[in-house]
Student: 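Sharing a structure with you now.
Lettering follows sequence order; numbering is per chain, from 1.
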Amino acid sequence: MNIQNLIAFKVKEGFLRLYQIEIPTVEFQATRKEFEGDITVVVFPLLKYKKGNPAEIGENLGKYLSENVPEIKKYNVVQGFLNLVIDDVFYINFFNSIFTNSTFGFEIPKENDKAIMVEYSSPNTNKPLHLGHVRNNLLGFSVAEIIKASGKKVYKTQIINDRGIHICKSMLAWKLFGNGETPQSTGLKGDKLVGNYYVKFDQEYKKQIAELISKGTSEEEAKTTTPILSEAQQMLRNWENGEEEVVALWKKMNQWVYDGFEVTYKNLGVDFDKLYYESDTYLLGKDVIAEGIEKGVFYKKEDGSVWCDLTDEGLDEKIVLRSDGTAVYMTQDIGTAIQRVKDLKDVGGMVYTVGNEQDYHFQVLFLILKKLGFDWAKNLFHLSYGMVDLPSGKMKSREGTVVDADDLMIEMTETAKIISEELGKLEGYLEVKKNELFKTIGLGALKYFILKVDPKKRILFDPKSSVDFQGNTGPFIQYTYARIQSIIRKVTFDYSLEIKELELHEKEKDLIKQLALFPETVQQAAANYSPAIIANYTYDLVKEFNSFYQNVSILGEENHEKKVFRIQISKKVADVIKQSFSLLGINVPERM
RNA sequence: GGUCGCGUAGCUCAGUUGGAUAGAGCAACUCACUUCUAAUGAGUAGGUCAAAGGUUCGAAUCCUUUCGCGAUCACCA
C-alpha cells in the first residue's frame with residue numbers, strides 16, 4: 001500500500017469519525033515548494049459532503065491524521081489545503097525498496113495479454129528519408145518502447161510502399177537518363193541515387209508541360225498528357241501485369257533503396273520486428289468488401305463501385321472499391337489490418353504512426369473495421385503528429401527543399417564534436433570512442449529536440465539556428481548522467497550498505513519523490529502515446545539532481561552513512577535517466 | 001463552406017482527473033569554477049494563458065461564440 005492510498009483511507013476514516021459522513025474519494029497533490037509539507041489533501045471537494053469552513057475542517061482532519069498515521073509527522077493548513085509532512089524514514093524505506101531493482105518502473109507483460117502492433121516509418125521507395133520521416137521514426141520507435149515498458153507485448157512494423165506510380169517515375173527516369181548508373185559506379189547511397197531520378201523525372205515532366213503549353217495546349221490538359229507521364233503510367237500497368245523487364249528493374253532499384261534505408265535506420269537506432277511490402281498487400285481487402293456488402297456495411301452503386309455510408313456518424317460516404325473493381329487505399333488498409341491479425345494471432349490492437357494530414361482517413365478506417373465487427377477494432381489508435389516545417393514553409397522532395405535524414409545526423413554529430421573539442425574534457429580518450437561519443441551526443445540532441453514536443457504540435461525546424469545543446473536538451477541530460485558516472489568511478493569502497501535511518505537533506509527528499517514518480521510516468525506516457533511525457537519527466541529529475549549536486553557534497557561528506565546514501569541516490573538517478581532515455585531511443589555516455 | 005487540430009513570456013516548450021501567487025529553457029542582465037565534470041548552479045527581469053461570455057467555492061484546463069494558423073473534405077496514395 002503506498003502512502004497516498006493509506007492517507008486516503010485514513011481521511012475517509014477520520015471523516016466518518018468526526019462527522020459521521022462517508023466520502024467516496026480524496027483529492028491529493030504534491031505540496032508546493034513554498035509551503036512546508038510533502039503531500040497535500042485538498043479540502044474543498046469535501047465541502048460537498050460537509051458544509052463548513054474549509055480551514056477548520058482541514059485542521060480537524062490534520063489533527064486526526066497526525067494522531068493516527070505514524071508516517072505523518074506534522075501538518076499545517078493554508079486556506080483549504082491540508083499540508084502533511086511525511087517522516088524521513090518512510091522515504092528511506094521506499095528508496096531501499098527500489099535501489100537494487102534494475103527494472104524499476106517497467107512492467108513485464110502478463111502471460112495472456114494481447115500484443116500491440118506499432119506501425120511507423122512506412123516510406124515510399126522512390127526517395128531518401130527526410131526530417132519528416134525522422135520525426136515519424138523517432139515517435140513510432142519511442143511509443144513502441146514505452147508501451148513495452150508499460151507491460152504490453154509489442155511488435156514494431158512498417159509497410160514499405162514499394163509499388164505505384166512514384167517508383168515507376170524514378171525507374172523511367174533512370175532508364176531514360178541513367179546510362180546504367182549504380183550505387184557502386186557512383187559511390188552514391190542507393191536511396192539517394194533513386195531519389196535523384198525522381199527529381200530528374202519531375203524536371204523532365206515540367207519541361208514537357210511547358211513545351212505542350214507553348215504549342216497551345218491548356219495547362220490542365222498538358223499536365224495529364226505529357227509523354228513521360230504516360231510512359232510512367234504504362235510502366236505501372238506493365239508492372240501489374242508482371243512484365244519481366246519492368247519487374248527486374250523494379251527489384252533492382254528497390255533493393256538499392258532498401259540498402260540505403262538500412263544504413264539510415266541503423267544510424268537512427270530504430271528497428272522492426274516484421275516488415276510488410278505494399279506489393280504483397282495492395283490486392284488485399286477485396287474479399288472483405290464482398291463480405292461487407294452481405295453484412296450490409298457497404299453498398300454497391302449502379303456503376304459497380306462500392307461505398308460505405310458514414311453520414312450517421314457525421315462523416316461522408318467513402319468509396320471502398322472502384323467501379324472497375326480495383327482497390328483504393330482504404331481497401332488495402334482494411335485488408336492489411338486483417339492480415340496482420342492473421343499473421344500474428346496475439347495482436348489485439350494497433351498503433352499507426354502517420355502524419356495528421358491523414359486524420360480523416362484513419363477515422364474512417366477505424367470506423368469501418370468496427371462496423372465489420374472485429375473485436376480488436378476498438379484498440380486502434382492513430383498516432384497523429386504535426387508536420388515538420390522549415391522557415392521557408394513545407395518540405396518538398398521534388399523541389400529539393402528537404403532536410404535529408406543522413407545529412408542531418410552527420411551535421412548534429414559534427415556540432416557535437418565542435419562543442420566537445422572546445423570544452424576539451426576528452427584527453428586520453430581513443431579516437432574511436434570519441435567518434436562514438438559525438439554521435440551519441442549529436443543524435444541525443446536531435447532526438448530529444450523532436451520528442452520533447454507533444455506529437456500533435458507542429459515543429460518548426462530552422463537549420464540555421466540548429467539544435468541547442470544547453471538547457472532543456474538531450475546533451476544536458478546526458479551530461480548529468482556522465483557526471484554521476486564520474487562520481488561512481490571515484491568511489492573506492494562498497495556502497496551497497498543499506499541505510500535505515502538518516503536525517504534527509506531537503507534535496508535528497510526531493511530526488512526520492514521525483515524517482516517515485518517514474519512508474520506512473522511510464523504508464524501515463526503509454527496511455528497518452530506520448531514520449532514528451534517521458535522527456536519532461538527526465539528533465540525535471542535531472543534539474544533536481546543538478547541542484548542537489550551543486551548544493552550538497554557527495555564524496556566530500558564526512559558522515560559515512562550520509563555519504564553512502566548520497567552515492568546510492570546518485571546511482572539510482574543515473575539508472576532512471578538511462579532507463580527513460582532508452583524509452584526515447586537515446587544513448588547515454590560514460591563521460592563527456 | 002463542413003469537419004478535425006493548434007493558439008501560454010521576445011523565441012522554443014511544460015502545465016496530470018478543474019485547485020494555492022501560471023512554470024522551465026533559450027536570448028538579456030547579476031553572481032558562483034585552486035573544491036565530486038561550469039554542456040552546470042543561484043538570482044533579476046519578462047504574462048490580458050488569442051478574445052468574449054458561461055458552468056464552479058475555484059478555469060490556462062470544461063461548455064458556447066468569435067478571431068488567427070494548419071490539415072482535410074478524390075473512383076490519389
Student: When the C1' atoms of rG7(B) and rA60(B) are compared, how many Å lie between them, rounded to an integer?
Tutor: 11 Å
Student: Expressed as a whole number of angstroms, how long is the span from Q550(A):CD to rU40(B):P?
Tutor: 10 Å
Student: Any idea which heavy atoms bring I441(A) and S420(A) closest together, and the distance?
Tutor: CD1-OG, 4.0 Å
Student: So does K490(A) get a side-chain nitrogen or oxygen closer than 4.0 Å to the phosphate oxygens (OP1/OP2) of rU37(B)?
Tutor: yes
Student: Please give the distance between the C1' atoms of rA45(B) and rC6(B) as a whole number of Å.
Tutor: 30 Å
Student: Using the C1' atom in both, what is the distance from rU37(B) to rA50(B), to the nearest Å?
Tutor: 44 Å
Student: Between D38(A) and T31(A), is any side-chain donor less than 3.5 angstrom from a side-chain acceptor?
Tutor: no
Student: What is the distance, to the nearest angstrom, from the CZ atom on F545(A) to the P atom on rU37(B)?
Tutor: 11 Å
Student: Can you check each nucleotide of nucleotides 1-17 of chain B against protein heavy atoms at under 4.0 Å and return B for base, S for sugar-phosphate only, - for none, in 5' to 3' order?
Tutor: ----SSS-----SS-B-
Student: Is it true that atom NZ of K563(A) has more than 12 heavy atoms of other residues, nucleotides or ligands lying nearer than 6.0 Å?
Tutor: yes
Student: On the side chain of S547(A), is there an atom forming a donor-acceptor pair with the base of rA42(B) - under 3.5 Å, no angle test?
Tutor: no
Student: Measuring only the P atom in each nucleotide, how far is rG10(B) from rU3(B)? A whole number of Å is fine.
Tutor: 33 Å
Student: What would the secondary structure line of RNA chain B be in dot-bracket form, counting Watson-Crick and G-U wobble pairs under 3.5 Å, with [ ] for pairs that cross earlier ones and | for pairs with another strand?
Tutor: (((((((..((((.....[...)))).(((((.......))))).....(((((..]....))))))))))))....
Student: Distance check needed: rU37(B) P versus F476(A) CZ, whole Å only.
Tutor: 16 Å
Student: Take the protein atom CD of E558(A) and the nucleotide atom P of rU35(B), then report the distance between them rounded to whole Å.
Tutor: 18 Å
Student: Throw together a table of side-chain donor-acceptor distances under 3.5 angstrom for residues 318-326 of chain A, partners on residues two or more places apart or in other chains.
Tutor:
residue: R322(A); atom: NH1; partner: T326(A); partner atom: OG1; Å: 2.9
residue: R322(A); atom: NH1; partner: A327(A); partner atom: O; Å: 3.2
residue: D324(A); atom: OD1; partner: T326(A); partner atom: N; Å: 3.0
residue: D324(A); atom: OD1; partner: T326(A); partner atom: OG1; Å: 2.6

Student: At under 4.0 Å, does any side-chain N or O of R489(A) touch on OP1 or OP2 of rU37(B)?
Tutor: no
Student: Using the ring of each side chain (for Trp, its six-membered ring), is F201(A) parallel, tilted or perpendicular to Y205(A), with breaks at 30° and 60°?
Tutor: parallel
Student: How many whole angstroms separate atom OH of Y329(A) from atom C1' of rA74(B)?
Tutor: 14 Å
Student: How long is the line joining CZ of F44(A) and C1' of rU56(B), in whole Å?
Tutor: 12 Å
